[in-house]
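Quick notes on the structure that follows.
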Amino acid sequence: MIRYVLGRLTSLIISLIVASIVIFAVIEVIPGDPAAFMLGINARPDTIAALRAEMGLDQSVVARYFDWVTGLLRGDFGQSWTYKTPVAELIADRIWVSLPLAIYALALSTIIAFPAGIYAASRRGGAGDVTIMGATQLGVAIPNFWFAMILVLIFAINLRWFSAGGFPGWDNPLQAIKALTLPAIALALPQAAILARVMRSSLLDMLGEDFIRTARAKGLSARQALWKHAVRNALIPVLTIIGLQFSFLLAGGIIIEQVFFLPGLGRLIFQSISARDLIVVESVVMLLVFTVIMVNFLVDLAYAAVDPRLRTKS
Amino acid sequence: MSLLAIKDLSLSIGDTEILHNIDLTIAAGEIVAITGESGSGKSMTALAVMGLLPRGSVAEGAIMLDGTDILQTSETDLCKMRGNTMGMVFQEPMTALNPVQTIGAQVAETILIHEKTTKSEAHKRAAAMLERVGLKVPPSRYPHELSGGQRQRVVIAMAIALRPKLLIADEPTTALDVTTQARILDLLRDLVREFDMGLLLITHDLAVVADVADKIAVMQNGRIVESGATRHLFAHMQHPYTKALFAASAHTVSLPETPPSSPILQVRNVARDYPMSRTALLGPRPMFRALHDISFQINAGERVGLVGESGCGKSTLTRAILGLEDVQEGQITLDGDPVFSGKRPNLAVRRKMQVVFQDPYSSFNPRHRVDRLITEPFHLLPHPPTGPARADAIAKALTDVGLSPADAGKYIHEFSGGQRQRIAIARALIIEPELIIFDEAVSALDVSVRAQVLDLIADLCRKRPLAYLFISHDLSVVRTVTDRVMVMQAGKIVEQGETETVFAHPQHPYTRTLIAAAPKLPDIGQTG
C-alpha cells in the first residue's frame, strides 16, 4: 500500500513539474515578448520597457522560471497588471466561489446519479430503467447554459425562490449556499446524466459476473447481491468519471459563472485573457492544473481503497 | 426416502425446449454425477435445483428437496434454502469470488445471512471451515492472492459453511490442473462422507465420473439417455450415445511411422527471465526465471508432446519458439536460422512455423470471412499467391481439414466449436509449414469433437510428414498423438523420452505424480 502511494506521489510530482514547464513555456516564451503582447500594438516603448522590468523579462528564461516556481511555492503568484493587486489575493477571493460550487455540483451529481444508475441497473429493461435512461439522454443533450437560463426563468424570475445571480459572500453561509444552488444544479445535471449511465452500465457488467451467481447460490437475494457485491466493484470506473468531472466543474464553470454573475475562477480567467493579463492567466492555469492533478491523485488513492488488487504489489 | 427427487422435469425458455422429462434421485451421502457434452442440459438441471433458472424459463414437473418442491417455492423462501439446505460450487474459481472482499468475509457471509449470530462468531466459524477444506492461508487474504485450487477450496467452504444437505458441484475441477483436481475431488468425497451430504456432480469428464460417482446419469440434448450405478453402467452400457461418449473419451489414433530424419527445431540451453516489480524504489528489478536451461530438438515429421501444469512455463516456451520474445540465454533455431531477429520474429523462419490455439471462439476476428481468416499467414510469404492460385490454396486447405471449399465465404459464427478448430488448423496448414504448435488445441472441445480433431491430425500426418509440438495438460491425449513427450515443471524439463516409455515407466517423481493424479476410465467399458 505504501509503495502504491509513493508511486502515485512520484508521478504526481513529475506531472506538476512537467505541467509548470509547459505552461511557462507556452505563456512566457513562445509568443515573443509578453510585455509588448500585454500592452497591445499602440503601446509606447517606455511603457513596454517598464513592464518588461516589472515582469523581470530582462533576466534569463531559466532564472525567470525558477523565480516563478519558487514564488508559487511560497504563495507569491506575482502582481496582476490590470488589477494592480497580488494575483494570490485575486485567486483567494475567487477560489471561495469556484471550489464550493464545484464540490456542491459534484455532490449533487453523485447524489442524483448513484441511486438513478443503481435503480436503472436493478430494473434492467423495465419501465424505470427506460424512463431513467431517457432522462439521462436528455440530460446529456441539453447544454448547461441553456438549462441555467431556464432555471433562472423558473426559480428566480417566476417563483422568486432564488436570486438570479451574484454572490453575497460567505459572511452569511446560508445565503451563500442559496446563491450557489441554481448554478450548482445547472452544472450538476448534465454530469449526473453521464455518471448515472456509467454507473448503470458498470453495474450491469458486474451483475453478469460469476461472483454474483456465487452470491445468489449462497442465499443472497438479487437485491442483496447487487448491494453487497456488485456496487463496490462497479465503483471503479465510476470513480474515474468523478475525477474527470471534478476537474471540469472547477475550470469549466466559466459559462455558468457568466450566466449567474459569479465572481469565480472561470470569470477571472476569462477577464484576464480579454485584458491580456498573462501573469494572472499563467498562475490560475497552474492552479487549475495543480487541482486536477491532485484530484487524480485522490482518485488513485480511492481506487486502492476500493480494490485490494491495487494495494498489493503485482 | 431420497434427499433429492427430480420428477419428470421439463424446461423451456421461449420456444426452445431445454430439458425433457428428467428423473433423478440422490440420497444422503450419495454422489450422483450428470455427464454429457456441452449443451446437453447438465448445468440447467443444476440451476433448476438451486431455483436459479434464467429469467423467462418455464419449468414443469417437480424437484423435491427434503420434502419441499423447489418449483413451487417462493423466491424469498428459496433465498433461505440456498446456502443453507443446498449449496453450489461453480466451474470457474478464478471469477467465482468477489475480488474486493476477503475470503474470510465471503465465507462468513453465508453464515451471517442465514443465522442470527455475531460477526466475530461468523468469522471464527468461517476460519474453521476454511481450515476444514484444507486451505493453508489466513482468512484475511483476498482472492487474487490465491491460486485456482485454493480459490476453489474457498468456494467449497462457502457452499458447505452451513452443512447443507445437498451440494451441487458444476464442473468443479475442469479449470484446474490434474494434481489439484485429484485433491479437490478427494476433498469433496471426504466432505460428503463427513457431513452425510448428497452431492450432485456435473462434469463432462467421464474419467472423473468413474472415479468418484456412485451413480451416473448420461445426458444428451436435454434428456437423460441412460443412468445407473457407476460400475454397472460402465460394464453394461446400453445406449449408443453412452457408448459413443465412452469411446470418444478413450479415443486413440494411430500415427504413421516417422522416417528417420534430421532435426528442424533446435532449442539449446534456453533461459527466459521476466522482470518483476522493484522491491526498492530505485533499486534493480528482480528477475523471475520462467525457463531454466531448456534443451530439446524436434526432427522433421516428428510429433512431440509437452505436458505440465499451469504456470510451469509452457506458454513462455511457446512464445519463445514462435520468436515473439527474446530469450536471455541459449538459442532457438529452425533449420539453422534463429527464430528471433533483432526486435521481432524472423519472418524467414516464421513462415515455416504455425500455431493453433486453445479457444476456437476468440481466436478469430468475427468480422472477416473464412477465406480471409485462413489466408492470413500469406503475409509471411514474399510472393503470396493471388487469383486462382489463392483460391486453389484456400480450397485445398479447407478440404484437407474436412470442410468444403464453399465454406470460404462464410463467417466464423456460422461454425461449431469443432469446425472452428478445423478452420484454425486450415489456417496453420495453408502455407505448408514445417512445424505446427498445437497450444491446448483440443482442450476446449467436447470429447466427441476432440476425437474427430485428433483423427484429423493423424490423417494429416499420413498425407505428408508433419512435425508438431503438442502442448496439453491432458495426458491421455498427449499419449495418443505424440511419438515423444517432454514433462515440464517449474520452468525445467524434468523428463523426456519416447511417449510410451515415459507413460509406462515414468522416472521422475513429478511425472509419476502427474500420471497418478490423472483420472482414468475403467477398463471394463471397453469390452462392454
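Not measured: the values here are computed from a predicted model. By convention in this document, chain letters (A, B, ...) are assigned in the order of the sequence lines, proteins followed by strands, and residues within each chain are numbered from 1.
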**Prompt:** chain A heavy atoms under 4.5 Å from B:Leu97: which part of the residue, side chain, backbone, both or neither?
**Reply:** backbone
**Request:** Quick one: closest heavy-atom pair of B:Met50 and A:Ala217, and the distance?
**Result:** CE-O, 3.6 Å
**Request:** Give a yes or no on this: more than 12 heavy atoms of other residues, nucleotides or ligands lie within 6.0 Å of atom CZ of A:Phe290.
**Result:** no
**Prompt:** For atom CD of B:Glu121, is the number of surrounding heavy atoms from other residues, nucleotides or ligands below 6.0 Å larger than 12?
**Reply:** yes
**Request:** Sort by residue number and list every member of residues 104-114 of chain B having a non-hydrogen atom under 4.5 Å from chain A.
**Result:** B:Gln106, B:Glu109, B:Thr110, B:Ile113, B:His114
**Prompt:** For B:Tyr274, does the OH atom have more than 12 heavy-atom neighbours from other residues, nucleotides or ligands under 6.0 Å away?
**Reply:** yes
**Request:** Let me know if A:Leu220 has heavy atoms under 4.5 Å from chain B in its side chain, its backbone, both or neither.
**Result:** both
**Asked** When heavy-atom pairs shorter than 4.5 Å are enumerated against chain A, which of B:Pro99, B:Gly83, B:Ala161 gives the highest number?
**Response** B:Pro99
**Request:** For chain B, find which of A:Met206, A:Arg216, A:Glu209 contributes the most heavy-atom pairs closer than 4.5 angstrom.
**Result:** A:Arg216
**Prompt:** For the atom pair CZ (A:Arg213) and OG1 (B:Thr95), what is the distance rounded to the nearest 0.5 Å?
**Reply:** 7.5 Å
**Item:** Candidate list B:Arg141, B:His144, B:Gln101, test side-chain contact (heavy atoms from CB on, under 4.5 Å), partner A:Pro308, passing option
**Value:** B:His144
**Nearest non-hydrogen partners of B:Cys79 and A:Ser221, listed with the distance** = SG-CA, 3.5 Å
**Message:** Does any backbone or side-chain atom of B:Met86 lie under 4.5 Å from a heavy atom of chain A? Answer side chain, backbone, both or neither.
**Reply:** backbone
**Side-chain (A:Thr214) to main-chain (B:Ala96) donor-acceptor, under 3.5 angstrom** = yes
**Asked** Can you name the residues that form a ring-ring contact (aromatic ring centres under 6.0 Å, His included) with A:Phe114, not counting sequence neighbours?
**Response** none
